[in-house]
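Lettering follows sequence order; numbering is per chain, from 1.
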Number of protein chains: 2
Amino acid sequence: MTAAANQSGRRPTTSRRLERAGIRDVAAAAGVSITTVSDALNGKGRLPDETRSRVREVAERLGYRPSAAARTLRTGRSGLIGLTVTTYGEEPFTFTEFAYFAEMARAATSAALGRGYALVVLPASSRHDVWSNIALDGTVVIDPPDQDPLVSELYRSGVPVVSDGKPGNCPVTAWVDNDHEAAVLGILDHLSEAGARRIGLLTGTSTDTYTRLSTEAYLGWCGRVGQEPVYETYPAHDPAAGAVAADRLLARPDRPDAVYGLFDPNGTDLLAAARRYGLRVPDDLLLVCCSESDVYAGTEPPITTLSLKPRRIGTTVVNLLIDAIEGVDSGTGVDIARLFPPRFRTAGTGPPPGTLMPTELIVRASSQRRSPRTTINAPRPPGEV
Amino acid sequence: MTAAANQSGRRPTTSRRLERAGIRDVAAAAGVSITTVSDALNGKGRLPDETRSRVREVAERLGYRPSAAARTLRTGRSGLIGLTVTTYGEEPFTFTEFAYFAEMARAATSAALGRGYALVVLPASSRHDVWSNIALDGTVVIDPPDQDPLVSELYRSGVPVVSDGKPGNCPVTAWVDNDHEAAVLGILDHLSEAGARRIGLLTGTSTDTYTRLSTEAYLGWCGRVGQEPVYETYPAHDPAAGAVAADRLLARPDRPDAVYGLFDPNGTDLLAAARRYGLRVPDDLLLVCCSESDVYAGTEPPITTLSLKPRRIGTTVVNLLIDAIEGVDSGTGVDIARLFPPRFRTAGTGPPPGTLMPTELIVRASSQRRSPRTTINAPRPPGEV
DNA sequence: GATTCATGGAGAAACGGCACTTCTCGGCCA
DNA sequence: TGGCCGAGAAGTGCCGTTTCTCCATGAATC
């Protein structure tokens, strides 16, 4: 029974304080080998149920908790996923500034936990030492800029990276995004049908994918239908600037009779600006903005919003990432080209696989002169690119 | 120069694929020992600058990144802090449902990163295997319920725990909270001064500290000033129930002429209910609610809010936790009583040290019949209990 | 009676750093 | 010339698991 005590002969029996029980202690107490304890607790090996349950019991009694650090070192898996937020401008950390991020992060956290992983939130610009101090099994990146050094390094060191937002020129494993072009075109069509003759756009100055694709879709549409573009830009991370830009847009001589605002607070800003100029919504001005907030259901009038469905995005991104992590063929070394299961491998060295998720237009009073309260799905269903 | 190659004799030179460079590789390439590499990179030991910089250069060239797992195993520090959210009811994960949590988490993340730690978000109810799979240096717990088994286990295993919200009967290292009683009394006084004769309360059914203390403060005040309590309760995690409860409160025969709502959406709910009953705000009904949202600056009329200052709370909690983590006297084994530096030790076995943070009442039109736009700080400054 | 085979389990090698201890060697002073 | 000192660097374990290899043993088969 006590034969196993100190069996490895490596631990000096003295100098051992009242620290947590290790696997050796359990082995000694149960009268079995370390191997057997490990097997019993992890459901591996060939052991009779009797031994298994006895070991479990002893471990329980001793309050044994396997060391996460040791396990990570040995197995090469930490169960940790990074969630990287690219920061805007000089702001140190603007995470959760927009409801989109908060929702997306929440869904991502939830999805990760559901599969046994935990999420670590790390701004892309944070101190490098923090990054390299954490063993990550993979990383979710929100809207990485072109040539992001962080993403490059992660990818180079073999860590799977999945991005929310189609990456411009980043070597990611996979990506997920909304079909922003389809969403914008859907809104413009919707406004046209409601009687808009000149549709304006309130957009941002930043170069992220969302802003860029949405703006391009607008400009393209203008070109096709022969409308002169009417838009104002502002730094999206600055809420005060949004109000000013909204005001500018409605103060123009070529004032639009309908506006789509790309960012969450634009609805409120535009409504306030309209009020200042004595414009009635929707009679004089049709309004739509992109937002995840339901305050727009309660404004006067309620405002039509485009939802990017961040929950779905967050869930999808995490699931893709974990698929990539667990698809690693650990038998044959770590060849990056083999890091991902077949369905993630693009033929040759083509672009990484991407998934487009549908958006949802929640139609309210601000964008129609007739009956409100209808939901229109985006024209295109999700699909591979 | 090459003498150090394979010096430890433990690594089979073959079977080594194109994996990441380890410290041994760096040592071999730089012609020094492993020890020297470690010392050079960590700024320890006695090494001439020349050696130091040469080793750094070689490490850089080889793209060497120390293994976080190995470092954690050896040093006992992971650089990871848990942020535990106690979930409400059956909801799997209601994190960021309230702006308070989102703000608090953001501040906590930021504060942690500023000190070289990263935050892991973990709901208290999540699978135990997730918890035990992660090496945490400490944990922040949001409003732990009495006898929380999770907190008990963490504390027992020597992990420092700091709670946001005064713990009822939990062995935490320290805690931080708002002075909820002072805040509520301040609001009640404020409403009284504005002319309220009968102040109602919209509160929750849950037993968390915030709800309990606030409600008790209200009831105590009623007793002292001789007003019959007028309040309605509802499950705070259910937004729809809030609207119903607000309606109930204003439908009572003893209808209050002023209401304080404890939860974020209450302002909107109460405003809508007032509208339904033809009550003008603030003329017929004075309104205050607790919220971190600035939408209440733009409602009609703007609504007075109490801010709990979650940024400050999040920052403080994390700083206390990291102080506790880094204050560990690692020389003398792990005696829980010595886990924390002197200023955290309460004499004898008294309650854990707590810090009260001030709240801020943002006065707007809804709570006064005269001039709006003043800010009143909570009566008491922060201090130890 | 000698060979398979399945069962149950032990032993030891990593995993990749870092803390602690020890060694070497040249300079300096008595 | 011997001894001491300290800078500079190397050696040695060990952190606590998992996992791979391999050994007994007894039963069954040839």
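- Residues passing the side chain to side chain donor-acceptor pair (under 3.5 Å) test with B/Thr36 are B/Ser33, sequence neighbours excluded.
- Remark: A/Glu153 engages A/His128, A/Arg156, B/Arg65 in a side chain to side chain contact (heavy atoms under 4.5 Å, CB included) (not counting sequence neighbours).
- No side-chain heavy atom of A/Glu60 sits less than 4.5 Å from a side-chain heavy atom of A/Arg56.
- Neither OP1 nor OP2 of D/dT17 sits under 4.0 Å from any side-chain N or O of A/Ser38.
- Distance CG (A/Asn133) to C1' (C/dG16): 14 Å, rounded to an integer number of Å.
- In terms of the side chain to side chain donor-acceptor pair (under 3.5 Å) criterion, B/Asp39 has no residue partners (sequence neighbours excluded).
- Rounding to whole angstrom units, CZ of residue B/Arg77 and C1' of C/dA19 are separated by 14 Å.
- Exactly one residue among A/Val32, A/Ile34, A/Leu62 makes a side-chain contact (heavy atoms from CB on, under 4.5 Å) with A/Val26. That residue is A/Leu62.
- Put simply, A/Thr51 has a side-chain N or O that comes within less than 4.0 Å of OP1 or OP2 on C/dG9.
- Between the CZ atom of A/Arg24 and the P atom of C/dA10 there is a distance of 15 Å, given to the nearest Å.
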Nucleotides 26-28 of chain C: which of its N/O atoms have a protein N/O under 3.5 Å away?
none

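- Comparing the helix axis at one end of the helix from C/dG1-D/dC30 to C/dA30-D/dT1 with that at the other, each defined from 5 consecutive pairs, gives an inter-axis angle of 70° (nearest 10°).
- With rounding to whole Å, A/Asn42 atom CG is found 10 Å from D/dT17 atom P.
- The distance from atom CD1 of B/Ile34 to atom P of D/dG13 is 14 Å, rounded to the nearest whole Å.
- Residue-to-nucleotide proximity on DNA chain D shows that, of B/Leu73 and A/Asp39, the 5′-proximal contact is made by B/Leu73.
- For A/Ala111, the side chain to side chain contact (heavy atoms under 4.5 Å, CB included) partners two or more places apart in sequence, or in a different chain, are A/Thr315, A/Val318.
- Side chains of B/Asp323 and B/Arg115 form a contact here, defined as non-hydrogen atoms less than 4.5 Å apart.
- Of the residues near DNA chain C, B/Thr75 and A/Thr36, the one whose nearest nucleotide (by heavy atom distance) lies more toward the 5' end is A/Thr36.
- A search for side chain to side chain contact (heavy atoms under 4.5 Å, CB included) contacts involving B/Thr75 returns B/Arg71, B/Arg77, not counting sequence neighbours.
- B/Glu50 meets the salt bridge (Lys or Arg N to Asp or Glu O under 4.0 Å) test with B/Arg54; sequence neighbours excluded.
- Heavy atoms only, all atoms of each residue included: A/Gly82 and A/Leu136 are closest at N-CD2, 3.7 Å.
- Qualifying side chain to side chain contact (heavy atoms under 4.5 Å, CB included) partners for B/Thr84, counting only residues two or more places apart in sequence or in other chains: B/Ala124, B/Trp131, B/Thr139, B/Val141, B/Leu150.
- Atom CD in B/Glu50 sits about 18 Å away from atom P in D/dA7, given to the nearest Å.
- For the pair A/Lys44 NZ and C/dA10 C1', the interatomic distance rounds to 18 Å; values are reported in whole Å.
- In terms of heavy atoms, B/Val120 sits closest to A/Ala118 at CG1-CB, 3.7 Å.
- In terms of the side chain to side chain donor-acceptor pair (under 3.5 Å) criterion, residue partners of B/Ser78 (sequence neighbours excluded) are, by chain and number, B/Asp137.
- With B/Thr173 contributing its side chain and B/Val161 its backbone, the two residues share a donor-acceptor pair below 3.5 Å.
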Within the sub-3.5 Å range, which N or O atoms of nucleotides 22-25 of chain D have a protein N or O partner, and how far apart are they?
none

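- One N or O donor and one acceptor, one from the side chain of B/Arg74 and one from the base of C/dC18, sit under 3.5 Å apart.
- One cannot find a donor-acceptor pair under 3.5 Å joining the base of C/dG9 and the side-chain atoms of A/Ser33.
- Of all the residues in residues 56-72 of chain B, B/Tyr64, B/Arg65, B/Pro66, B/Ser67, B/Ala70, B/Arg71 reach under 4.0 Å from DNA chain C with at least one non-hydrogen atom.
- For A/Ile23 and C/dG11, the CD1 to C1' distance is 14 Å, given to the nearest whole Å.
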